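Have a look at the structure below, then the notes.
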Amino acid sequence: MRPAITLVMILGVLASPARGQSPDDAPSPGMVFLPGRVLFIPLTANEQEARVGVRKEIGSSRMKLDIGSVVDLFGWGLPDGELRIGADFFTYALTTSANRLRLQVDAVDGYFGGHFSYTAKNPQRTFALRLRVLHQSGHLIDGHWDYSAGFWRDGKVPVPYTRDFVEFTGAMGWTCGEVAATLYSGVSYAWLARPDDVRHWESLHGAEIRTTGWSGAFLGRPLVFYAAGHLTLAGVPQYYTTVNVEAGAKLGPWEGTGVKLYLSYRSGLELFSQYFSSRRSFWGVGFALDFW
């Protein structure tokens, strides 16, 4: 599967991730090719989303490097909302310091597939649905190989990890004065999951809150403060909850180009699928580059 991961990373570099369509954008009647920003905004604290950025674990050399893109290819304006079909290509890698070298890529997970999304909007709230169909595969990389000894470090050998799954998520958003909030929940089913310890069903739930105006501007751009939490329930084979909480600020419009700086806390199952049965807790700091 190494060629597939390489393709994902190349596509991620060539294209930037997209966010949601502005509430002021009116859907066009009929079918539109390449209608613009993605309709369903990627979930802020969900780590299995297309993004570009880095998160550094505090007190460790470990970093999560994100490269990826999501794009809506076709759109249809409906009487009460809009429907889109698009593609998802993204990957995230674990980098560490190993063999007296920095930024060694230890493990990587790659995703590719597509999505269907629908959004109905009015001035008070937004209702959104997203159906994703994705292939996920995980790999150990040369950063985990001990060149001096000639074997995989810590006795850890590559695991043939694969998930082909469908994920359905619903989200409801509200704007009240100068604060906006979103709640969401979803479920996924993998018709192919290996190794056998990986359960086929998972669920996801979360919330986001952000400022919409009172925080003012900096360097001529909007300054948005936000907080987001994401919870997943996954079995390996016993079911565990994993929580990722993120809070920070974005310089630039929330649904436009900008830079995010944040502090995060994560506790639960290891994100990188080569370590799927391990559990860890840590604080992290990071940034993301939003181009949509």
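Here the structure is a predicted model, which is why all the values come from computation and not from measurement.
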Check ring pair (Phe, Tyr, Trp, His ring centres under 6.0 Å) between His115 and all other residues, then give those that pass, not counting sequence neighbours.
none
Report whether Val243 and Trp283 are members of the same hydrophobic cluster (ILVMFWY, side-chain heavy atoms less than 4.5 Å apart, transitive linking).
no
Arg210 and Glu208: CA distance, side-chain angles, deciding distance, salt bridge (Lys or Arg N to Asp or Glu O under 4.0 Å) verdict:
CA-CA 7 Å; Arg210 60 183 172 87; Glu208 304 176 1; over 6 Å; no
Partner residues of Ser264 under the side-chain hydrogen bond (donor to acceptor under 3.5 Å, both in side chains) criterion, sequence neighbours left out
none
Closest approach of Trp191 to Phe165 (non-hydrogen atoms, all atoms of both residues)
CZ3-C, 3.6 Å
Can you check whether Trp254 reaches Thr212 side chain to side chain, under 4.5 Å on heavy atoms?
no
Scan residues 165-188 for pairs that pass salt bridge (charged side-chain N to carboxylate O under 4.0 Å, His left out), counting only residues two or more places apart or in two chains.
Arg130-Glu167, Arg132-Glu167
Could you check whether any side-chain N or O of Gln274 sits under 3.5 Å from a backbone N or O of Gly138, counting only pairs where one atom can act as donor and the other as acceptor?
yes
Spell out, yes or no, whether Tyr240 and Tyr265 are grouped together once hydrophobic residues are joined by side-chain heavy atoms under 4.5 Å, including indirect joins.
no
May I ask you to check whether Phe90 and Phe112 place their ring centers less than 6.0 Å from one another?
no
Does some side-chain heavy atom of Val108 sit less than 4.5 Å from a side-chain heavy atom of Thr91?
yes
When rounded to the nearest 0.5 Å, the distance separating CD1 of Ile141 from OG1 of Thr95 is 12.5 Å
Asp164 vs His135 side-chain heavy atoms within contact, under 4.5 Å:
yes
If two hydrophobic side chains count as joined below 4.5 Å and joins carry through other members, does Leu263 share a cluster with Ile209?
no
Minimum heavy-atom distance between Gly268 and Ser281, given as atom pair plus value
N-OG, 4.4 Å
List the steps, then state whether side chain to side chain donor-acceptor pair (under 3.5 Å) holds for Gln136 with Tyr111.
CA-CA 5 Å; Gln136 175 194 3; Tyr111 297 74; 3.1 Å; yes
Thr211 (side chain) donor-acceptor with Phe225 (main chain) under 3.5 angstrom:
yes
Begin with the C-alpha distance, continue with both residues' side-chain angles, and end with the deciding distance and a verdict on side chain to side chain contact (heavy atoms under 4.5 Å, CB included) for Arg163 and Ser188.
CA-CA 11 Å; Arg163 287 185 75 239; Ser188 71; 3.7 Å; yes
Given the rule in the side chain to side chain contact (heavy atoms under 4.5 Å, CB included) test, do Phe116 and Leu129 qualify, once you have shown the distances and angles that lead to the verdict?
CA-CA 8 Å; Phe116 300 84; Leu129 298 171; over 6 Å; no
State, yes or no, whether a side-chain contact exists between Thr242 and Ser267 at a heavy-atom distance under 4.5 Å.
no
Taking all non-hydrogen atoms of both residues, which atom of Gly68 and which atom of Ala50 are closest, and how far apart?
C-CB, 4.0 Å
For the backbone of Pro237 and the side chain of Arg199, can you confirm whether one donor and one acceptor N or O come within less than 3.5 Å of each other?
yes
Could you tell me if the side chain of Ser69 sits less than 4.5 Å from the side chain of Phe89, heavy atoms only?
no
Report yes if some heavy atom in the side chain of Pro42 is under 4.5 Å from a heavy atom in the side chain of Arg51; otherwise report no.
no
When rounded to the nearest 0.5 angstrom, what distance separates CG in Leu43 from CG in Leu204?
7.0 Å
Look at the side chain of Asp290 and the backbone N and O of Thr257, then say whether any donor-acceptor pair between them is shorter than 3.5 Å.
no
Do Asp109 and Ser273 have side-chain N/O donor and acceptor atoms under 3.5 Å apart?
yes
Are the side chain of Asp72 and the backbone N or O of Phe74 linked by a donor-acceptor pair below 3.5 Å?
no
dist Thr182:OG1 -> Ile41:CD1 (nearest 0.5 Å) comes out at 7.0 Å
Atom CG of Leu94 and atom CG of Asp106: how far apart are they, to the nearest 0.5 Å?
4.5 Å
Could you tell me whether the side chains of Tyr239 and Glu202 share a donor-acceptor contact shorter than 3.5 Å?
no
Quick test of your reading: applying salt bridge (charged side-chain N to carboxylate O under 4.0 Å, His left out), list the pairs with at least one residue in residues 222-245, sequence neighbours left out, ordered by first then second residue.
none
Between Tyr184 and His230, is the ring pair (Phe, Tyr, Trp, His ring centres under 6.0 Å) condition met? List the steps.
CA-CA 9 Å; Tyr184 61 86; His230 183 83; 5.8 Å; yes
Which value, rounded to the nearest 0.5 Å, describes the distance between Met31 atom CE and Ile85 atom CD1?
9.5 Å
Point-to-point distance, once rounded to the nearest 0.5 Å, from SG of Cys176 to CH2 of Trp174
11.5 Å
Could you please spell out the steps behind the side chain to side chain contact (heavy atoms under 4.5 Å, CB included) verdict for Phe287 and Val52?
CA-CA 9 Å; Phe287 71 90; Val52 172; over 6 Å; no
Same cluster for Leu192 and Leu131 if Ile/Leu/Val/Met/Phe/Trp/Tyr side chains link at under 4.5 Å?
yes
Would the distance check show the side chain of Ser277 and the main-chain N or O of Val236 forming a donor-acceptor pair, the cut-off being under 3.5 Å?
no
Arg37 side chain to Glu255 backbone, donor-acceptor under 3.5 Å:
yes
Under the side chain to side chain contact (heavy atoms under 4.5 Å, CB included) criterion, do Arg266 and Phe282 qualify, and how do the steps go?
CA-CA 6 Å; Arg266 189 180 193 280; Phe282 61 87; 3.9 Å; yes
Consider only side-chain N and O atoms of Tyr161 and His139, and report whether a donor and an acceptor are under 3.5 Å apart.
no
Is Lys260 close enough and on-axis enough to Tyr226, meaning under 6.0 Å and within 45°, for cation-pi?
yes
Salt bridge Arg194-Asp196, side-chain N to carboxylate O under 4.0 Å
no
Does any non-hydrogen side-chain atom of Asp88 lie less than 4.5 Å from one of Val70?
yes
Just wondering, do Phe276 and Pro195 contact through their side chains at under 4.5 Å, heavy atoms?
yes
Is there a path from Tyr118 to Leu73 through hydrophobic residues (I, L, V, M, F, W, Y) whose side chains come within less than 4.5 Å of each other?
yes
Name the atoms and distances for all side-chain donor-acceptor pairs under 3.5 Å in residues 54-63, with sequence neighbours left out.
residue, atom, partner, partner atom, Å
Arg55, NH1, Glu47, OE2, 2.7
Arg55, NH2, Glu47, OE2, 3.1
Lys56, NZ, Ser60, O, 2.2
Glu57, OE1, Arg62, NE, 3.4
Glu57, OE1, Arg280, NH1, 3.4
Glu57, OE1, Arg280, NH2, 2.8
Glu57, OE2, Arg62, NE, 3.0
Glu57, OE2, Arg280, NH1, 3.2
Ser60, OG, Arg62, N, 3.0
Ser61, OG, Ser97, N, 3.2
Arg62, NH2, Glu270, OE1, 3.0
Arg62, NH2, Glu270, OE2, 3.4

Residues at least two apart in sequence or cross-chain that pass ring pair (Phe, Tyr, Trp, His ring centres under 6.0 Å) with Tyr189, listed by chain then number, are His200, Trp201
